[in-house]
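What follows is a single structure, written as structure tokens, with notes after it.
Here is the naming used below: chain letters follow the sequence lines, and residue numbers restart at 1 for every chain. Just so we're clear, the structure is a prediction, and the values are computed from it rather than from any experiment.
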Amino acid sequence: MVEEDLKDFKLKPMKCELNFLNKSDGSAILAQGETVVLVSVNGPLDIKSTSQNMEKATLEVIFSSKGGKPTVSDRFKENVIRQTCETAIFGCLYPRTGITITIQELEDYGGLLPTTINCTCLALLNSGLAMRHVVAAVGCALDEAGNLIIDPTNDQIQTATATMYFVFDSREKNLVTGFSTGTFGEGVYDEALERCRAASDLVFNFYRDIVASYCNVIG
Amino acid sequence: MAGMLLSNAERFYIWDGVEENFRSDGRSNKDYRPMELETDVVSSASGSARLRLANTDVLVCVKTEIDTPKSDKPGLGSIEFFVDCSANATPEFEGRGGEQLANRISNLLQRAYHSSQAFNLKQLCIFEGKQCWKLYVDILILECGGNLCDAVSLAVKAALFNTRIPFVKAALMDGGNIDLQLSDDPFDSKRLEVGTAPLLVTLCRMDEENIVDPTAEEETCIAVSIVVGVSGNPALYTSSEDTTPSDHKCTTISMSGNGGILPDAMKIVIAEGITAAKCLDEALGRTLLQERNRTNLQKKDSYGFLK
Amino acid sequence: MEEYKVLQPFKYFNDHISVNVRPDGRKFDQQRSIKLNANSVNTADASSLIKCGKTSVVCGISLELATPKAEEPDNGFLVTNVELLPLCSSKFKPGPPSDYAQVVNNTVNDILKNSKCIDLKDLCIVSDKLAWVLYCDIACLEYDGSIIDACLATLMTSLKTLSLPHVIYDIETEEIKVDVNIRHPLKVTGLPVATSFVIYQSPDSNVALMDPTSFEEEMCGGNGANLVVCWNQGLLCGIHKFGGATLGTDGHKKLLNVAKERSKTIEEVINTCIANETSE
Amino acid sequence: MPLDYRRFNGPEDSVSYKQFSTNFTRSYDELFKGLFDENGKRIDGREFTEARPLYTKTNVISQAKGSAYVELKNTKVVCSVFDPREIVGHQNEYSIYGQIYCEVKFAPFSCPRRRRGLAPDTDERALSANFKTAIQTAIQSTKFRNFQMDVFVYILEHDGACLAAAINAACLALTDAVVPMMDIFSARTAAVINNQIFVDPTEAEENLALMPTDNETNHGIITLTVIDHLRNITDLQQIGSIDADCLIKVIDILLEECAKLMPLFKDLIIDNVFEQYKEHQVYLSIKKQVNEELSNKVKEWTLIVKDK
Amino acid sequence: MPGPELLSSQGLRLDGRRPDELRRIRCKLGVFTQPDGSAYLEQGNTKVLAAVYGPHQAAKSKLSTEGVVVNCQYSMATFSTSERKNRPRGDRKSQEMSLHLRQALSAAIKTELYPRSQIDIYVEVLQADGGAYCASVNAATLALIDAGVPLKAYACACTSSVAWRGNHPEALLDVGHVEEAAGGVCLTVAALPSVDSIALLEMSHRLHMDYFEVVMSRAMQGCKDIEIILDKAVREHLAEGWTKPDVITI
């Protein structure tokens, strides 16, 4: 894996605004390319005793799609985000409480789930909940010719034979969550893993800039 | 039934009464309480009937719709029962409270009317395989005074007897669809042959005795109750003498409450159920014929709830 | 022993892992015993039942005819539904499917679509007029972990043993005649096999456990947090990792190889089962 | 039925292909002749009053407290019983009887004629209600007051008499779950077609018994549940139209059939008890061994501590 | 503007009534034995049954310490409309009607007399021929009186609409189903006429400002007339309550 060709890509332009909603503890709106997602986090809440958990906070994720009608794939996305956040948040610091993450999909031009995960992470940062590590999601697509495209645009995804999404944590850059569509070889999978891991640094830098720019507002 | 609180002393009072065949309201074990029946109470329905059995009050309406028959039964129409427990009866029926009781009664009726010897669905067919009548029988329970099944089955039979189905001439156009001409004169309609429609009789066992038509109090202290559906005798429902009287058959049996019953006691119950249904059938036939002759098709001034 | 497991589940589990053995005596990458039989239900057009360890799943396929969708005139329908019945474990309540059931349902559907083992065009009889609808209903009778592997295995066995009756469709009169005794088998390309893992975060290192039981799933982050790798004839047709503990790159590679071996054994099991089914 | 958002739905207008197959639309008489083979016996060679052999196995589902699998040749039924838990749903006052929640569900692929939906429809709810009245008599619900016990039945294949098979499976599952019961109970079904009684009918016979015909003969289906204690009838369900004396004849036949099942259940339960007893013995011996090792380990340590 | 055909040239409406004429109201109190109070009311062809339970102990969830909790349920029988409804209650329209019913009746009931208790009012519409909500409010008032619940005043409700005769508008009182379906404006007023206060005012469709006064006064006049009729019925019921001969059978 030659070092420099890891760097010869650029991610879709990311625009973000923190503290977008005043009623929620933490909120963020993120546009990655044309895909736009709004996430609101309501930090440690008092929930009814039957759904309380002794050791850690119970995490509840509500994903509402643009169309409004609940479908089975919404539940799948909810589960992906819940499991990712379960590992990221220090649940044991808030026992017997509830944390609700509400996600509203505004625009979907491909790569919806990585944008949702990044936006959720930004909202969690904004909400001040203690977190083990920050997560960054990067997607990549394998087109017919066999070469990998990082952070593909919508029409690249349509024509791709396979697409892969990876979520890395900021500390050891391990794979926290991943899912894929289409078929691909084992070698392609390893190469995609490496290149997305490199690309995730860019996302982490983006987080630092955003939080820095908001520091004086909060500080 | 709902909110009925009985102390043990009252229960024993009722049990002892039943043993001596002399119940708390003076009836013997095999007597029915006085009933009031009135048909054609709702003008917007094809047929309706209201029955008051002491303080049980039931209103039944039959509405008709044109429908395509099911593919495996091309020559038959269809009948559907819907029971609605109005909250007027008890606060427990508010919202979805009365659903379990409603489902039980509608299942019972659906099974009782299932056999073609009980209610022949052929008479509902307009054009084989293409068009047929669908009867919606809506039952509204306004007050529960015990013995709901009997009151409902009597009211349903009366409502079906009162139903008028407009004459429809169906012609097969080319391309397979049907053109229906409905006669414009509202009174130009035919009646349903409802003579064999079944009547449900609830027999409740109190240790060794079987009682009929339990009041709400008696219903709370019975162990097991058996509902027997018995088909009617068509001769009672037509003034013309040519219809052959068919014997009474059991169209459905169902048990409820948690208790067992010895086999030979069960045979007695079935025999008693059939005799009780026979005399109910005669009484119903007499009153319906009497009312039809008196009103001969015009719509009389309906008392409804104003009496 | 039982009381220890109930009182101190985490400690009980940790003691076992630290001694490199799992509570039910298996090694980390050892598969539970699998029993598979085909065509157990003869009212279904094709059916199969799998019992891997204490998880048993039955799959039945029923065939129906319908007019294809306007936007895809020459595509048939493939409708798979996974039902986690209330009778399979006290975790599932009666009533509409729970969130977890819908997640499993979605995952199985995605894997089937990704593997492209059924081409919807084969299901079309007359374009824009008539097409087959394959209702694959998967019911879980006993739930003890790694439900996705069992569902996929029964689904593939049933699809491989399915044969479609011959249909004669008369264009003008739109008459449909079905000849039940001439049946031609459905073309199934490839055989996707899913292997689910659970990663246990022990204090010193993270360990991956293959084919987890429901107790092991609970110990490693609830029943949603597992990793599903599926191979299809040497090609990866889907890697789904839902959170849970993380794994280094070399651990990841070892995982893929273990999954590859397992997919070979499962393919053998399915093929032998179909072989002695057809030979009967 | 409103569109079910929580599942994948096929096209609404899908209809079973069997409808267009040749032998689907046959008249009543053809079907009636089809029930018999050449020498007048039923197709599967049984006499009219001969029931199908009942194969059964208990403890098939490890997670359930008690479970049973019953097979009446082609009718396959699984039943599982879960131990009592708080009452689900709103509960206004303390109920002195334990609640029993029953649910009977057909597998979508179980019926030969058409595919059944995934959500419970009206006649499955009706079947669950009948099933509940049949089994609740035998269960002593005063023993688990203010608690709710769940009994779930899943019918894998429906080839006639599935209510009776479900009730028998429930009886075995309840005994396997050691639920306080008055006595064991068993159930049998009989169909009446053209005044002819068929014991333990297959799906074809049941379909014919309920098919609308214009001849005035007796036809219908009767399911009888008998509890072994004093041979009490705990549940009698009948559909169709049958006159009184034919009904009494059917009840007598069904009583004998249920009585024939009782010894079979008893043997099975006794075998289970022996097996569990043996397992318990093995478990006790292991426990004794572990205790011994522990005690002599403790002795060693006390020695070491003493000479320190 | 719809409405010319609603009024014939002589100023009579489709069902032969004059514009300011109510439909025939017939009512009966004490129809059922089990509820504390019950009433049946017919307004033309609209037939409504009302039952009142209470005041009794309130459910824990709805307890309120300063006044009585009024719990209403409005349900229409499946056969009440010409086109069969498949669910009697639970849809949005009946929930909205229950809310309006509660608003109108809790204005009439002296709520402060029964703290921490609850009054259940159930209305069942047997036949809906327009003005079902008004008939329900009137029937519920009669049922409350039959139950002996202290009321500030009679709560009466009435609808009115507007139609055109030549060029000047004419306000129609007590709108029937046909006039409702014709798409004209429909103003519903639930008022306490004797204390001259309005509990609920609701209007569908658009109405020009200066006709509002005409329609509004016609509706208020309608409520006053209805109150007189209800009052007469209550007095009759109480007067001959115990001397009435037993039920005469046909």
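- Proximity to chain B involves both the backbone and the side chain of D:Ala126, based on heavy atoms less than 4.5 angstrom apart.
- Contacts of B:Ile261 with chain D are made by both backbone and side-chain atoms, with heavy-atom separations under 4.5 Å.
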Take D:His219 and B:Gln117, measure what side chain to side chain contact (heavy atoms under 4.5 Å, CB included) needs, and give me the verdict at the end. CA-CA 10 Å; D:His219 67 93; B:Gln117 290 161 29; 3.4 Å; yes
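- Of the possible polar contacts, one joining the B:Ser116 side chain to the D:Thr213 backbone as a donor-acceptor pair under 3.5 Å is found.
- In this structure, no portion of B:Leu121 lies under 4.5 Å from any heavy atom of chain D.
- In this structure, chain B has heavy atoms under 4.5 Å from both the backbone and the side chain of D:Ile239.
- Ranking D:Thr225, D:Val226, D:Ile233, D:Thr223 against chain B, the residue ahead of the rest is D:Ile233, based on heavy-atom pairs under 4.5 Å.
- Applying the 6.0 Å contact sphere to OH of D:Tyr97 captures no more than 12 heavy atoms from other residues, nucleotides or ligands.
- Residue B:Ser231: no heavy atom, backbone or side chain, is found under 4.5 Å from chain D.
- For the residue pair B:Arg111/D:Gln238, the side-chain donor-acceptor check at 3.5 Å is not satisfied.
- With respect to B:Lys267 and D:Asp252, a salt bridge is recorded, a charged nitrogen being found less than 4.0 Å from a carboxylate O.
- Only the side chain of D:Ile251 comes within less than 4.5 Å of a heavy atom of chain B; its backbone N, CA, C and O stay farther away.
- Contact count against chain B (heavy-atom pairs under 4.5 Å) is highest for D:Leu247 among D:Ile139, D:Thr133, D:Leu247.
- Between D:Asn130 atom CG and B:Ser254 atom OG the span is 6.5 Å, to the nearest 0.5 Å.
- For the atom pair B:Cys250 SG and D:Ile242 CD1, the distance stands at 8.0 Å (nearest 0.5 Å).
- Residue D:Leu255 touches chain B through its side chain alone, counting heavy-atom pairs closer than 4.5 Å.
- Between chain D and the residues B:Val227, B:Asn103, B:Asn120, B:Asn107, the most heavy-atom pairs under 4.5 angstrom are made by B:Asn107.
- If you measure heavy-atom distances from B:Leu262 to chain D, the contacts under 4.5 Å come from both the backbone and the side chain.
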In sequence, state the C-alpha distance, the side-chain angles, and the governing distance for D:Leu236 and B:Met266, and then conclude on side chain to side chain contact (heavy atoms under 4.5 Å, CB included). CA-CA 10 Å; D:Leu236 171 63; B:Met266 170 62 89; 3.6 Å; yes
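- Note that CG of B:Asp264 and CD1 of D:Ile248 are 10.5 Å apart. Values are rounded to the nearest 0.5 Å.
- In this structure, D:Thr217 OG1 and B:Lys249 NZ are separated by 6.5 Å, a value rounded to the nearest 0.5 Å.
- Proximity of a side-chain donor or acceptor of B:Gln110 to a complementary backbone N or O of D:Asp123 within less than 3.5 Å is not detected.
- The distance from atom CE of B:Met255 to atom OG1 of D:Thr234, rounded to the nearest 0.5 Å, is 6.5 Å.
- In terms of non-hydrogen atom pairs under 4.5 Å with chain B, the most contact-rich of D:Ile227, D:Asn218, D:Val15, D:Thr122 is D:Asn218.
- Using a 4.5 Å cut-off between heavy atoms, D:Leu224 makes no contact with chain B at all.
- The two residues D:Ala244 and B:Ile274 make their nearest non-hydrogen contact at CB-CD1, 3.7 Å.
- The two residues D:Pro212 and B:Leu76 come nearest to each other via the heavy atoms CG-CD1, 3.4 Å.
- Taken to the nearest 0.5 Å, the CZ atom of D:Arg125 stands 11.5 Å off from the CD atom of B:Gln100.
- When the shell of 6.0 Å around CZ of D:Arg231 is examined, it contains more than 12 heavy atoms from other residues, nucleotides or ligands.
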